[in-house]
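Notes follow the structure.
Both ligands and their constituent atoms are indexed starting at 1 by order of listing. This structure is a prediction, so every number in the text was calculated from the model and none was measured. Excluded from the calculations below are hydrogen atoms, water molecules and symmetry mates; all remaining heavy atoms, backbone and side chain alike, are included.
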Amino acid sequence: MTEQVTRATFDEVMVPNYAPAAMIPVRGEGSRVWDQEGKEYIDFAGGIAVTALGHSHPKLVEVMREQAGKLWHLSNVMTNEPALRLAKKLTQKTFADRVFFANSGAEANEAAFKLARRYAFDNFGPEKNEIIAFYQSFHGRTLFTVSVGGQPKYKEGFEPTPGGIKHCDYNNIEQLKALISDKTCAVVMEPIQGEGGIIPADKEFAKQVRELCDQFNALLVFDEVQSGVGRSGTLYAYEQLGVTPDVLTTAKSLGNGFPVGAMLATDKAAQALGFGTHGSTYGGNPMACSIAEAVIDIVDTPEVLEGVKARHQLFVDGLKAINEKYHVFKDIRGMGLLMGAEVKDELAGHAKDFVAASAEAGLMVLVAGPNVVRFAPSLIIPEEDIKEGLARFEQAVAKVVAN
Ligand SMILES: *Cc1c(COP(=O)(O)O)cnc(C)c1O
């Protein structure tokens, strides 16, 4: 028998670490989603920057069904065709020579941080173990990834956390110069900070980070869990920065909602994770890899990537027009379809009000910290859904202003 469940059920049976919205979505198609009551929403959130090809994409549904009828799981005692095909594609399309598969962004980062430590240990000795990361950065919720992440609130009460980690202001090269040393094994950065407020790296800063890493024999790790898989307008954002990392992590959009993550690395760096050094039961399973392969095939085409740039402009123009009427945002910024609208100082802390008002108007948007409304829609969201969604967003803004 199927149990009847409502939002109230959450408060009865779930660990209270989330505070989900009042409605429960039950179905999605493209960039539209419907809840239990049949109310329709336009999806400018994409989960949290995950459903890059929208909901129920016919090709992805087909690939998933086909693989589900063949083989779900083998473990890494054996390899499988979808994992090998996906790894080939990812290495052909990026700087990387080798791939490790995981099931989430945090797990991909965990692998990257362990690789960085082990690489330094093998090549330079145990003293070289410091990781430098940036304030406001987000790298996941495991103990190691919250420790590398630059937001103290995620560590609070979970101490003792792993040591050997230092933080630096983003886009501040002088501070990095003061922190980096022969003890540094890696510098970890998001090419555009996502959760931290949609803040792109300056090109000149990124270039100098690369130079400092080379000077001190530290690996440069790019966390592209949010910015990757076409969201920035190129397959990975590093292509636009003109800086190549040694290690890159990718997840979120990679599976369009099916859990999968990957760490990409140069051959030289990858050698640090020799046989037996790291592993995962589910990582690289044929279901996840067949779906991710189809996502990459669809996203890495000129139509989709050029379309991201065109849609970026539609969003920016639309948001600017709304802001000219209501004067609520002091900055509208981002890369591709990862965009943020930062509220004016008078509205500091109130980005979440726009999310609530949008939901009422039939629109899903996100925050990125307390002051930024974030937009991370499907990369192939139809133009009419952008127009309709922006009209709903204008209603939401009007409501926030009226209150
Ligand atoms: C979401 C995110 C993560 C964590 O990914 P999970 O799949 O939630 O573990 C890590 N890094 C960045 C930049 C992210 O945006």
ask   = What distance separates Thr51 OG1 from His57 NE2, expressed to the nearest 0.5 Å?
value =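 Here the interatomic distance stands at 11.5 Å.
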
ask   = What residues sit with at least one heavy atom under 4.0 Å from ligand 1?
value =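 Within 4.0 Å of ligand 1, the protein residues are Ser104, Gly105, Ala106, Asn109, Phe138, His139, Gly140, Glu190, Asp223, Val225, Gln226, Lys252.
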
query = Is it the case that Thr250 and Tyr236 place a side-chain donor and acceptor less than 3.5 Å from each other?
reply =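 Present: a donor and an acceptor within the cut-off.
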
request  = Verify the distance criterion only: is there a donor paired with an acceptor across the side chains of Glu195 and Gln226 at less than 3.5 Å?
outcome  =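 Per modelled atom types, Glu195 and Gln226 side chains form a pair under 3.5 Å.
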
ask   = Are the aromatic rings of Tyr238 and Phe222 close, with centres under 6.0 Å apart?
value =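 No: the rings miss the under 6.0 Å criterion.
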
Pair Lys268 + Asp246, salt bridge at N-O below 4.0 Å =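 Looking at Asp246 together with Lys268, the answer is no, because their closest N to O distance does not fall below 4.0 Å.
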
query = Are Glu383 and Lys387 close enough for a salt bridge, meaning some N to O gap below 4.0 Å?
reply =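 Counted as a salt bridge, because a side-chain N and a carboxylate O are separated by less than 4.0 Å.
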
